[in-house]
Amino acid sequence: MKPFPLIFSLLLTCVAGLAGQALAASQALESLRGTEAVPATEPPPAMRDFINDKENIPRTFEQQPPLVPHEVDKYTIDLKQNKCLECHMKQPGKDKARSVEMSEAHFMDRNGKKLDHPSGARHFCNQCHVPQVDAQPLIGSNFQSLPR
Ligand code: HEC
Ligand code: HEC
């Protein structure tokens with residue numbers, strides 16, 4: 001066999017193999033974006049109203065931080081102050097709005113030791129407590145809460 005046809009047939013095999021792979025890949029993979037062009041954008045969904053009706057959406061699992069049944073934008077939380085504490089501290093008589101007191105867990109350090117002040121780890125309340133909106137899950141879920 002002359003070397004030229006050998007090299008040529010080897011090359012042909014490689015090219016055919018690559019082409020086959022590319023075809024298979026294009027059939028098997030579909031981008032999450034679908035057929036949408038990359039620069040295409042959609043307008044953002046409208047902002048939802050927070051439910052501010054003093055009724056809490058029920059908790060769905062044990063140890064879930066309750067949702068906040070009132071607005072929160074006015075209550076600053078930063079290094080120096082925490083407006084939430086004005087109502088949610090354990091100070092009988094002080095809170096005219098008669099809001100719910102934070103539980104004991106908010107007055108413990110990470111080793112479970114009791115503190116006489118709210119734990120630093122709980123300073124940023126909205127890390128765990130978010131205002132409630134009537135929003136359906138973006139993706140379906142068959143999660144069921146345990147019966148109480
Ligand atoms: C002016 C007083 C006041 C301030 C400030 C305040 N809250 Fe409240 N909060 C209440 C009252 C009163 C309730 C009880 C429900 C109601 O009457 O709206 C409540 C309820 C809650 C609940 C639900 C508790 C439960 O067991 O259902 C959470 C969580 C909460 N607040 C978190 C916060 C967070 C976080 C902040 C700061 C961003 C904050 N609150 C600031 C008065 C206040
Ligand atoms: C690390 C998460 C976390 C942070 C931060 C946090 N909480 Fe909570 N909170 C919880 C969980 C979990 C519960 C429910 C279990 C419990 O009561 O301990 C709860 C319960 C509560 C309740 C309801 C208590 C009751 O008896 O119904 C109030 C009120 C509350 N938190 C207020 C606050 C405030 C105000 C802050 C900020 C100073 C805060 N929380 C920070 C996790 C957190």
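All figures in this text were calculated on a predicted structure; none of them were measured in a lab. Atoms within a ligand are numbered from 1 in the order they appear, just like the ligands themselves.
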TODO: Could you tell me the residue and atom name of the protein heavy atom closest to atom 18 (O) of ligand 2, and the distance to it rounded to 0.1 Å?
DONE: S103 OG, 2.6 Å
- [ ] Specify the protein heavy atom at minimum distance from atom 2 (C) of ligand 2: its residue, its atom name, and the distance to 0.1 Å.
- [x] C128 SG, 1.9 Å
Task: N, O or S atom of H70 closer to atom 8 (Fe) of ligand 1 than 2.8 Å - done: yes
Open item on the list: Between H129 and P65, is there a side-chain heavy-atom distance shorter than 4.5 Å?
Closed with: yes
Task: Side chain proximity check, F107 to S119, heavy atoms < 4.5 angstrom - done: no
Find all atoms of ligand 1 within a distance of less than 4.0 Å from any non-hydrogen atom belonging to [X], and give their numbers and elements.
{"X": "H129", "value": "29 (C)"}
{"X": "C125", "value": "35 (C)"}
{"X": "K83", "value": "5 (C)"}
{"X": "L67", "value": "23 (C), 29 (C)"}

TODO: Could you tell me whether H123 and ligand 2 have an N or O pair separated by under 3.5 Å?
DONE: no
TODO: Mark the output for P66 as yes if a heavy-atom distance to ligand 2 is under 4.0 Å, and as no if none is.
DONE: yes
TODO: Examine the proximity of ligand 1 to N82 and report which part, side chain or backbone, both or neither, has a heavy atom under 4.0 Å away.
DONE: neither
Task: Plane angle bin for F61 and F143 - parallel if under 30°, tilted between 30 and 60°, otherwise perpendicular - done: perpendicular
TODO: Answer yes or no for V68: is there a heavy-atom contact with ligand 1 below 4.0 Å?
DONE: yes
Task: Heteroatom of H106 nearest to atom 8 (Fe) of ligand 2 (N, O or S, atom name) - done: NE2
TODO: Using heavy-atom distances, let me know which of E62, E101, R59, E104 sits nearest atom 27 (O) of ligand 2.
DONE: R59
Where's the contact between [X] and ligand 2, heavy-atom distance under 4.0 Å: side chain, backbone, both or neither?
{"X": "H88", "value": "side chain"}
{"X": "I77", "value": "neither"}
{"X": "M108", "value": "neither"}
{"X": "Q64", "value": "backbone"}

